[in-house]
Protein chains: 4
Amino acid sequence: MIMQISADEASHIHDALTNRRRTATSDGVAADRLRSIVDRIERLEEERANLAADIKDIYAEAKSAGFDVKVLRQLIALRKKDDAEVAEMETLLDVYKRSLGM
Amino acid sequence: MIMQISADEASHIHDALTNRRRTATSDGVAADRLRSIVDRIERLEEERANLAADIKDIYAEAKSAGFDVKVLRQLIALRKKDDAEVAEMETLLDVYKRSLGM
Amino acid sequence: MIMQISADEASHIHDALTNRRRTATSDGVAADRLRSIVDRIERLEEERANLAADIKDIYAEAKSAGFDVKVLRQLIALRKKDDAEVAEMETLLDVYKRSLGM
Amino acid sequence: MIMQISADEASHIHDALTNRRRTATSDGVAADRLRSIVDRIERLEEERANLAADIKDIYAEAKSAGFDVKVLRQLIALRKKDDAEVAEMETLLDVYKRSLGM
DNA sequence: CAAGAATTATGAACCC
DNA sequence: GGGTTCATAATTCTTG
């Protein structure tokens, strides 16, 4: 791995990761910065996990309402894609199928 | 296709969505229900994409601050995994304990 | 978890798993049996991993030859499915799309 | 669609498979190549499915012999994971050591 | 048949 | 920017 940080910085990071320094020196600054970064990322990832759970719930609701979840997923994926992309992909698939005599 | 809904249900939906059923109401109900489901899923997925972008930004900020992003990702994965694995190991331990009738 | 084995058996398994017994008693028989099972499964899984690697190589070859790997995967998945299933799925997708006015 | 092949290449394939190109030979070559690729992948996937069936049989045998299949799966997963995780931990350790210039 | 695990595919991120 | 590796998402399969 090619480190993109200086030896000093590296030392600071390692200190921060291993909680060896607790003073409000420059080391502490780096450690605090790291802690802030980690906290924010973990917070956002938690929110993201919550959203994923919500989405899962809606699919479950759809299933209960009698909709086919697999087709529903296809539908939503389709809406995300550019029309031209979908068309070109289908065209290429047809080409391959014809090539195999399908 | 292996339907995840019963044949009756499938017929029902198909009837509703293709305007075969007698009342105009039930058609509209199913269509509205589908629209609601699709809208909510797409809304939540948009929020999720925004969160992913925010997380990406924080990683970029961390990189600018001199932190090694790869190490950072490993660190966060490790913090997440540790919890999961502690739970997994406890499950396995329980299994063994049960095997011994404890 | 509902154990499907007797307490004696459970004890034997646990012993085997933890290598506490080494004699050719009935414990040893169970341990040998377990070892045989684990060995065979791991052997087959290794073969399966090798096959997966071979398949990956062919996809890489296809890509080098100018084929679109994603479409290729779709094609092969399509050939696995029953024709009637594919048709019914596409029909249902069309129904949903019409329902949304797409 | 985001092509994973260049536009030139794509045009080439498309030409070949749709018989737009001048010679009948190159068409056949591309079609044969595709057929070869699909055949080999399907063959290997069939072997892989057979191996999966064999593995399933062994688990069934283990169950008949009184072993708990779930525990067995956990055991084998654990044996697999341990190797992978030892490697992962060593990687992370190396990163930290490099951070310290060791 | 519903739920959960396990496998597999897709998409993103990093390096060259 | 292209390939490769890794994370996440989805489908499939098994079990209760």
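First the proteins, then the strands, lettered A, B, ... as listed; each starts at 1.
- Taking atom CG of D:L92 as the reference point, atom C1' of F:dC6 lies 15 Å away to the nearest angstrom.
- Atoms CG and CZ, from D:L51 and C:R48 in turn, are 7.5 Å apart once rounded to the nearest 0.5 Å.
- Here the straight-line distance linking atom OG of A:S36 with atom CD1 of B:I58 works out to 8.0 Å at 0.5 Å rounding.
- When all heavy atoms are compared, the tightest approach of A:Y96 to D:L34 is O-CD2, 3.8 Å.
- One interatomic measurement links the two molecules: CG of C:D54 to P of E:dT8, which rounds to 14 Å at whole-angstrom precision.
- With rounding to whole Å, A:I58 atom CD1 is found 17 Å from F:dA9 atom C1'.
- Remark: C1' of F:dT8 and CG of A:L44 are 17 Å apart, rounded to the nearest angstrom.
- Distance CG (C:D82) to C1' (F:dT12): 17 Å, rounded to an integer number of Å.
- Remark: D:D68 CG to D:Q74 CD distance equals 8.5 Å, nearest 0.5 Å.
- D:L51 has its CG atom 11 Å from the P atom of E:dT8, to the nearest Å.
- At a threshold of 4.0 Å, the pair A:K56-A:E61 does not count as salt-bridged, since none of the basic side-chain nitrogens sits closer than that to a carboxylate oxygen.
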Please tabulate, one pair per line, each protein N/O and nucleotide N/O from nucleotides 9-14 of chain E that are separated by under 3.5 Å, including the distance.
from	atom 1	to	atom 2	distance (Å)
E:dG11	OP2	C:K70	NZ	3.3
E:dC14	OP1	B:R73	NE	3.3
E:dC14	OP1	B:R73	NH2	3.3

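- Residue D:I55 contributes atom CD1, which lies 12 Å from atom P of F:dT14 at whole-angstrom precision.
- Using a 4.0 Å cut-off between charged nitrogen and carboxylate oxygen, B:K81 and D:E85 count as a salt-bridge pair.
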